[in-house]
4 protein chains.
Amino acid sequence: MPGNSFGKILQLTSFGESHGKAIGGVIDGFPAGVDIDLDFVQKELERRRPGQSKWVTARQEPDKLEVLSGIFEGKSTGTPIGFLVWNKDQHSTDYSHLKKAYRPSHADFTYEKKYGLRDYRGGGRSSARETVSRVVAGAFAKMLLKEAGIEILAFVHSIGEVSLPGNYETPDLSKTEESPMRCPDKETTEKMLRLLEKTAKEGDTLGGTISCIAKNIPVGLGEPVFDKLHADLGKAMLSINAVKGFEIGSGFDGASMKGSEHNDLFVKKDDRITTKSNRSGGVQGGISNGSDIFFKVAFKPIATLMKSQLSVDADGNEVILEGKGRHDVTVVPRAVPIVEAMTALVLADHLLRNKLSDIKSIFQGR
Amino acid sequence: MPGNSFGKILQLTSFGESHGKAIGGVIDGFPAGVDIDLDFVQKELERRRPGQSKWVTARQEPDKLEVLSGIFEGKSTGTPIGFLVWNKDQHSTDYSHLKKAYRPSHADFTYEKKYGLRDYRGGGRSSARETVSRVVAGAFAKMLLKEAGIEILAFVHSIGEVSLPGNYETPDLSKTEESPMRCPDKETTEKMLRLLEKTAKEGDTLGGTISCIAKNIPVGLGEPVFDKLHADLGKAMLSINAVKGFEIGSGFDGASMKGSEHNDLFVKKDDRITTKSNRSGGVQGGISNGSDIFFKVAFKPIATLMKSQLSVDADGNEVILEGKGRHDVTVVPRAVPIVEAMTALVLADHLLRNKLSDIKSIFQGR
Amino acid sequence: MPGNSFGKILQLTSFGESHGKAIGGVIDGFPAGVDIDLDFVQKELERRRPGQSKWVTARQEPDKLEVLSGIFEGKSTGTPIGFLVWNKDQHSTDYSHLKKAYRPSHADFTYEKKYGLRDYRGGGRSSARETVSRVVAGAFAKMLLKEAGIEILAFVHSIGEVSLPGNYETPDLSKTEESPMRCPDKETTEKMLRLLEKTAKEGDTLGGTISCIAKNIPVGLGEPVFDKLHADLGKAMLSINAVKGFEIGSGFDGASMKGSEHNDLFVKKDDRITTKSNRSGGVQGGISNGSDIFFKVAFKPIATLMKSQLSVDADGNEVILEGKGRHDVTVVPRAVPIVEAMTALVLADHLLRNKLSDIKSIFQGR
Amino acid sequence: MPGNSFGKILQLTSFGESHGKAIGGVIDGFPAGVDIDLDFVQKELERRRPGQSKWVTARQEPDKLEVLSGIFEGKSTGTPIGFLVWNKDQHSTDYSHLKKAYRPSHADFTYEKKYGLRDYRGGGRSSARETVSRVVAGAFAKMLLKEAGIEILAFVHSIGEVSLPGNYETPDLSKTEESPMRCPDKETTEKMLRLLEKTAKEGDTLGGTISCIAKNIPVGLGEPVFDKLHADLGKAMLSINAVKGFEIGSGFDGASMKGSEHNDLFVKKDDRITTKSNRSGGVQGGISNGSDIFFKVAFKPIATLMKSQLSVDADGNEVILEGKGRHDVTVVPRAVPIVEAMTALVLADHLLRNKLSDIKSIFQGR
């Protein structure tokens with residue numbers, strides 16, 4: 001049963017393999033009348049491109065967005081937005097050596113067993129190239145969220161063992177895009193770069209963590225009991241390639257705190273009710289409480305190494321996978337716009353869903 | 001828009017407030033012809049009951065399951081299984097003091113803002129009493145999984161700062177239910193009990209972590225790209241009250257490992273292909289690979305304290321919430337069957353979904 | 001895969017067999033803050049009861065609604081509304097002779113083949129008793145539609161070969177409930193009653209047609225391209241037991257008209273744009289145009305006769321099914337509230353869906 | 001909320017406007033391992049093309065299918081199948097006179113009111129050009145149905161007042177494609193052609209009916225209670241442009257029959273249980289019974305005339321719409337492949353859904 005659609009009202013249906021003709025999708029449920037800035041979408045796409053620094057893969061992928069429907073005279077029309085990005089070089093024969101071999105910690109083995117066959121060229125559907133569709137749809141979602149004033153800012157929190165000091169409130173997020181590591185702290189960025197250089201020489205790879213903050217969130221997003229806001233955020237993040245963990249607010253640290261330390265006390269401030277602390281990460285009872293939403297996502301290291309690895313093929317014979325070509329040491333900086341895109345899709349979907357919670361909101365647009 | 005249904009093929013739709021007439025639900029998509037053991041369902045329900053030790057709340061809730069449809073002569077009929085558990089004492093007036101006050105780190109504030117009104121009696125829909133429906137549906141899912149040989153074992157990994165040593169492979173899971181803390185290690189259980197006693201005296205509360213292992217998993221569960229198996233597991237866990245974090249396999253630790261340390265190398269063993277290590281947690285590319293699935297879930301401490309807390313009411317006036325009645329110090333041991341139930345719902349749903357992946361499986365039941 | 005849920009935003013999930021413990025369901029997505037009149041729901045339920053005249057079955061079914069959740073202090077809370085109606089006499093043994101026999105034009109054969117087993121008592125899930133849940137949910141939907149001024153009026157158009165003269169505009173719909181046949185014309189009612197009397201004597205049964213009109217419909221309900229308003233209405237009607245046909249506006253007659261005869265010309269009237277004629281039945285391009293919605297539904301005659309019929313059993317042996325007990329000659333009058341209920345569910349769902357079509361509506365409640 | 005997806009397991013998500021860049025879609029849930037014949041899909045597309053006779057529009061639309069994903073080495077891979085057909089001449093300025101005018105019985109008015117704006121070029125999303133996606137997806141569904149031996153045959157039953165004599169059993173369906181009217185009877189075809197010629201001269205248009213028969217249907221397709229097979233077929237048909245009515249089996253005629261005339265008696269024939277007659281149209285209790293499925297669909301006449309019509313514009317001013325260009329007199333013959341495509345989508349979806357009804361089918365592929 002299909003799993004290529006995301007969202008209940010604002011819905012992305014995605015398609016495409018890394019070495020097929022194109023990556024694309026359909027965004028349905030996008031309201032009519034929103035001003036559409038396709039340059040912004042293209043820029044978001046470029047943020048996920050490789051080749052942004054010497055530490056990320058040099059393979060050129062000129063990802064030019066083509067929108068096929070749903071926009072008329074600069075505005076969304078309420079009809080589905082079909083889009084695609086053509087793949088280049090899909091006829092390359094680089095991947096024939098993978099026809100039968102199962103790369104360690106890749107999806108080769110599981111796809112083949114699930115489907116009875118697999119498109120072995122560059123990971124096929126399991127390639128992170130699929131996230132092109134997420135970033136495009138996320139950019140549309142951001143345009144919708146902008147109408148409500150909502151802003152999303154993700155950044156690299158750690159690479160390998162090099163981590164930002166302190167917690168989410170510290171960094172100056174206006175600096176994120178200045179850093180080649182998308183880490184808002186200059187000193188940490190330097191350390192990360194040194195670690196990357198060292199790891200590249202070893203032919204090895206690194207994972208890391210990304211933090212994400214969403215600001216100006218209205219109270220009320222999230223649908224009890226199963227579609228809690230952080231449950232949908234968690235699913236969104238865990239659906240991104242290489243993600244192994246998700247925590248919101250105090251997260252795993254919160255598990256070792258006492259209730260009296262952890263509770264966020266309500267206070268009245270500037271004529272509205274808010275909380276003193278924000279260990280909840282902006283979500284209480286599965287519903288946004290108006291504070292910043294913040295969460296952290298763990299990415300495992302890239303499975304493709306530049307050194308050789310032992311594996312088996314479909315017949316169970318041992319094979320040696322040589323590290324060839326030129327690969328990323330880490331995907332974490334490139335994943336920042338993907339984390340933002342998936343966050344935007346969840347928040348925009350819940351913004352729409354929440355409009356139907358209450359009869360006053362429905363008839364009076366409260 | 002509704003958020004009270006879970007699952008795509010095997011689907012639970014849940015209803016009920018803590019002090020309404022009943023908690024219940026409808027299980028749809030449950031295949032016909034499965035032998036139904038209602039005593040087993042009742043036993044699962046009893047595992048989530050309070051009052052199982054002196055450290056958990058003494059309020060008696062004799063949760064007697066009533067199944068209303070979908071079973072005939074001891075077998076499922078393929079029609080929806082309606083069920084309920086009556087609430088006792090729903091006319092109690094204990095909660096009038098909460099009519100206007102917002103309890104810290106509860107859902108009072110967010111529900112009221114979202115819906116314009118709220119059932120303030122005991123948390124209403126936001127109460128963990130709602131998990132009764134999850135446990136019932138999870139028990140049905142376990143009966144279905146049993147047909148495929150799949151087994152699910154969750155246990156308490158830590159309470160506050162007291163944690164099991166080592167990783168998931170260590171504990172002898174046959175001991176879990178013997179421990180009042182549902183922790184399979186005797187010594188750790190003792191430490192946890194001492195911590196609970198101390199914390200109870202302080203009028204404070206504790207969180208903790210639960211680990212869950214699923215065994216005998218067929219290769220192929222999980223649907224790329226959004227409904228990856230661990231993404232659906234993560235959503236399921238994060239939808240449980242008080243959960244703040246989820247990690248699968250190496251999880252957050254994996255983010256600081258190198259690729260060469262993290263990769264699970266394929267080997268041939270006993271004529272089937274498997275992996276030497278299992279840092280993937282049994283899921284690769286979003287699809288189960290036949291190894292044990294294991295993940296960990298973080299629960300924040302209970303927000304209701306036995307000591308008084310400062311808060312505000314709907315008008316923004318300061319109020320003092322007195323700690324009264326008798327409350328749990330921690331819910332973590334009681335959450336073990338809930339974690340298992342949600343795991344069972346996800347795995348059973350994906351077991352069914354996977355049957356439609358491949359034309360051979362469809363026509364030959366492969 | 002389950003088929004017991006109806007609606008995308010306002011969603012009914014239904015359960016129950018005719019001789020199980022109860023019929024019930026869960027209404028999810030019902031907005032908070034709507035005044036709930038449970039007496040009205042009970043009255044709607046009574047409209048579908050048998051025993052309303054001597055021509056419909058005498059079996060007493062005192063269908064007392066029990067609402068289990070989702071309402072607090074007389075208002076909907078935005079949480080799911082669980083409800084049930086207990087079945088009486090579910091332990092009757094009247095149906096043992098049907099254990100193996102397949103009644104002609106019933107669902108005995110198809111259920112048994114689909115599911116491998118069946119609850120043979122009174123049709124089980126395939127019984128029209130299942131429509132209790134539809135009527136309850138429809139009554140809730142009507143309360144929601146009332147907030148938008150929408151009104152739904154169904155009536156019997158024909159029984160067997162006795163039909164109302166003229167088209168939908170003729171009848172005075174305030175007279176429908178006065179007629180024992182729910183036919184708004186006195187003379188036609190008399191003819192229908194005479195036909196029923198004659199047919200009852202023959203031990204035979206009758207079908208008929210129901211027309212339905214919905215008034216005060218806002219422009220904009222219906223979602224291109226698959227969820228056109230009349231497509232969802234058609235599905236709703238065809239999902240009711242014994243329905244074999246659906247037509248909207250000019251319907252099958254329209255197929256033999258010329259374009260110049262059929263087109264509804266736009267005119268300006270009382271400062272709004274409307275159409276001179278209404279052959280579209282109030283829906284154009286799948287979207288309501290503000291005119292009355294009207295459609296017609298065909299019901300086949302009841303399959304259970306009072307005379308004996310030849311059939312086969314599960315082993316293929318010939319069996320004679322004796323007409324026993326006392327049965328309806330026609331269900332058509334009792335189906336009027338069911339047609340209304342399903343119409344209400346579709347319109348309420350689309351009323352909510354339409355609120356999200358356009359950014360102005362979303363943020364300004366236009 | 002979106003309405004551009006169809007199907008629950010085999011799901012088409014469609015996009016595209018008549019004068020946008022492309023029409024296309026994503027087919028998700030298509031099982032892996034099916035042999036894909038893209039020439040067949042292209043041929044199906046050509047069956048819906050205009051210009052097939054002198055009576056249908058001469059505008060050339062060389063609809064060349066481009067498949068973007070989901071197929072590898074001639075087989076489906078289980079991943080989503082993205083596809084598109086480019087629109088030609090989308091920059092034509094033919095439609096500027098429609099910028100403000102509302103064409104009678106078109107969707108101009110309702111789209112504009114629903115969305116606040118509309119793409120007025122050639123109907124935009126409301127154009128029947130959208131059915132290109134349906135035909136492509138339907139062709140894929142047919143390839144899946146072929147694995148189960150299922151065949152679908154639709155044909156023109158009537159055009160205006162010229163109709164095939166007799167009922168569904170009569171015509172020799174191998175003759176359908178030989179007829180320029182897609183009517184399997186030569187004499188009726190002649191009459192239809194004469195009627196078209198006459199109507200064309202009048203500048204007028206015609207509707208008609210299409211019958212559809214599906215053969216070799218397994219018992220068990222259809223999901224009680226809302227997703228009855230004929231309810232989903234009815235929705236599918238009513239979602240096609242210009243359709244105003246749907247009936248299955250005896251349909252509206254059945255409403256005036258007696259039970260003893262209407263019932264399909266079970267008999268044993270060639271060692272399997274079947275029915276003597278087939279007034280049920282192959283569906284009982286919402287589930288296929290193994291007999292041929294047959295139903296009829298009513299199409300209203302084309303709303304665009306070659307003669308001038310009076311209408312109003314967005315300001316309520318009267319406008320005269322001149323009949324210009326060259327238009328179809330009727331779409332009914334071209335709609336035959338569309339009816340087949342939507343039938344194929346419904347049957348393929350239910351074929352997959354039914355595989356999960358029963359535990360034996362799930363584990364043994366029964």
Side-chain angles (χ1 to χ4, degrees), chain B residues 1-5 7-33 66-73 75-84 86-87 111-112 114-121 124-126 130 133 352-353 356, chain C residues 1-5 7-33 66-73 75-84 86-87 111-112 114-121 124-126 130 133 352-353 356:
Chain B
M1 193 206 172
N4 296 288
S5 293
K8 291 210 168 164
I9 288 189
L10 181 66
Q11 193 167 63
L12 166 65
T13 299
S14 149
F15 68 84
E17 282 82 40
S18 64
H19 287 64
K21 278 194 185 173
I23 298 285
V26 184
I27 303 162
D28 205 2
F30 196 86
E66 193 157 352
V67 174
L68 305 169
S69 64
I71 298 171
F72 185 60
E73 298 181 343
K75 282 183 188 289
S76 59
T77 61
T79 63
I81 299 164
F83 67 88
L84 60 76
W86 297 104
N87 289 328
Y111 266 67
E112 186 162 311
K114 181 178 185 69
Y115 296 113
L117 68 142
R118 74 183 156 104
D119 179 347
Y120 51 81
R121 299 165 306 165
R125 183 71 178 149
S126 74
E130 160 263 310
S133 299
L352 295 174
R353 292 176 72 172
L356 304 177
Chain C
M1 192 204 172
N4 295 288
S5 293
K8 291 210 170 164
I9 288 188
L10 181 66
Q11 193 167 62
L12 166 64
T13 299
S14 150
F15 68 83
E17 282 83 40
S18 64
H19 286 63
K21 280 195 183 171
I23 297 285
V26 183
I27 303 163
D28 204 3
F30 196 87
E66 194 156 351
V67 174
L68 304 170
S69 64
I71 300 171
F72 185 61
E73 298 180 344
K75 283 184 188 289
S76 59
T77 60
T79 62
I81 299 164
F83 67 87
L84 60 77
W86 297 104
N87 289 328
Y111 266 67
E112 186 162 308
K114 182 178 185 70
Y115 296 115
L117 66 143
R118 73 185 157 104
D119 179 348
Y120 52 80
R121 299 165 305 165
R125 182 72 179 148
S126 75
E130 160 263 311
S133 299
L352 296 174
R353 292 175 73 171
L356 304 177

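Chain A is the first sequence line, chain B the second, and so forth, proteins listed ahead of strands; every chain is numbered from 1. Because the structure is predicted, anything quoted here is derived from the model rather than measured. All values below come from the heavy atoms of this structure, side chains included, with hydrogens, waters and symmetry mates left out.
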Testing B:Thr79, B:Ile27, B:Leu68 for side-chain contact (heavy atoms from CB on, under 4.5 Å) with C:Phe15, which one passes?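 Checked B:Thr79, B:Ile27, B:Leu68 against C:Phe15; only one passes side-chain contact (heavy atoms from CB on, under 4.5 Å): B:Leu68.
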Is C:Leu356 close to chain B through its backbone or its side chain, or both, or neither, when contacts mean heavy atoms under 4.5 Å?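 When you check distances to chain B, no heavy atom of C:Leu356 falls under 4.5 Å.
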With B:Ser5, which residues qualify under side-chain hydrogen bond (donor to acceptor under 3.5 Å, both in side chains), at least two apart?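 Residues passing side-chain hydrogen bond (donor to acceptor under 3.5 Å, both in side chains) with B:Ser5: B:Thr13.
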Using non-hydrogen atoms and a 4.5 Å limit, figure out which bit of [X] sits close to chain C: side chain, backbone, both or neither.
| X | value |
| --- | --- |
| B:Tyr120 | both |
| B:Arg353 | neither |
| B:Leu352 | neither |

Between B:Asp28 and C:Asn4, is there a donor-acceptor pair closer than 3.5 Å when you use the side chain of the first and the backbone of the second?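 Yes; at least one donor-acceptor contact below 3.5 Å.
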Got a donor-acceptor contact below 3.5 angstrom from the C:Asp119 side chain to the B:Phe72 backbone?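 No, C:Asp119 side chain to B:Phe72 backbone: no donor-acceptor pair under 3.5 Å.
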Could you report the tightest heavy-atom contact between C:Pro80 and B:Ser14, atom names first, then the distance?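 Reported closest heavy-atom pair: CG-O, 3.2 Å.
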Quick check on the interface: out of B:Gly124, B:Gly33, B:Gly78, who has the most heavy-atom pairs with chain C under 4.5 Å?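 It is B:Gly78.
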Heavy atoms only, distances under 4.5 angstrom: which of B:Leu117, B:Leu10, B:Ile71 has the most pairs with chain C? Name it, please.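 The candidate making the most pairs under 4.5 Å is B:Leu117.
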Please tell me if the side chains of C:Ser69 and B:Arg125 come closer than 4.5 Å, counting only heavy atoms from C-beta onward.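 No, side chains not in contact.
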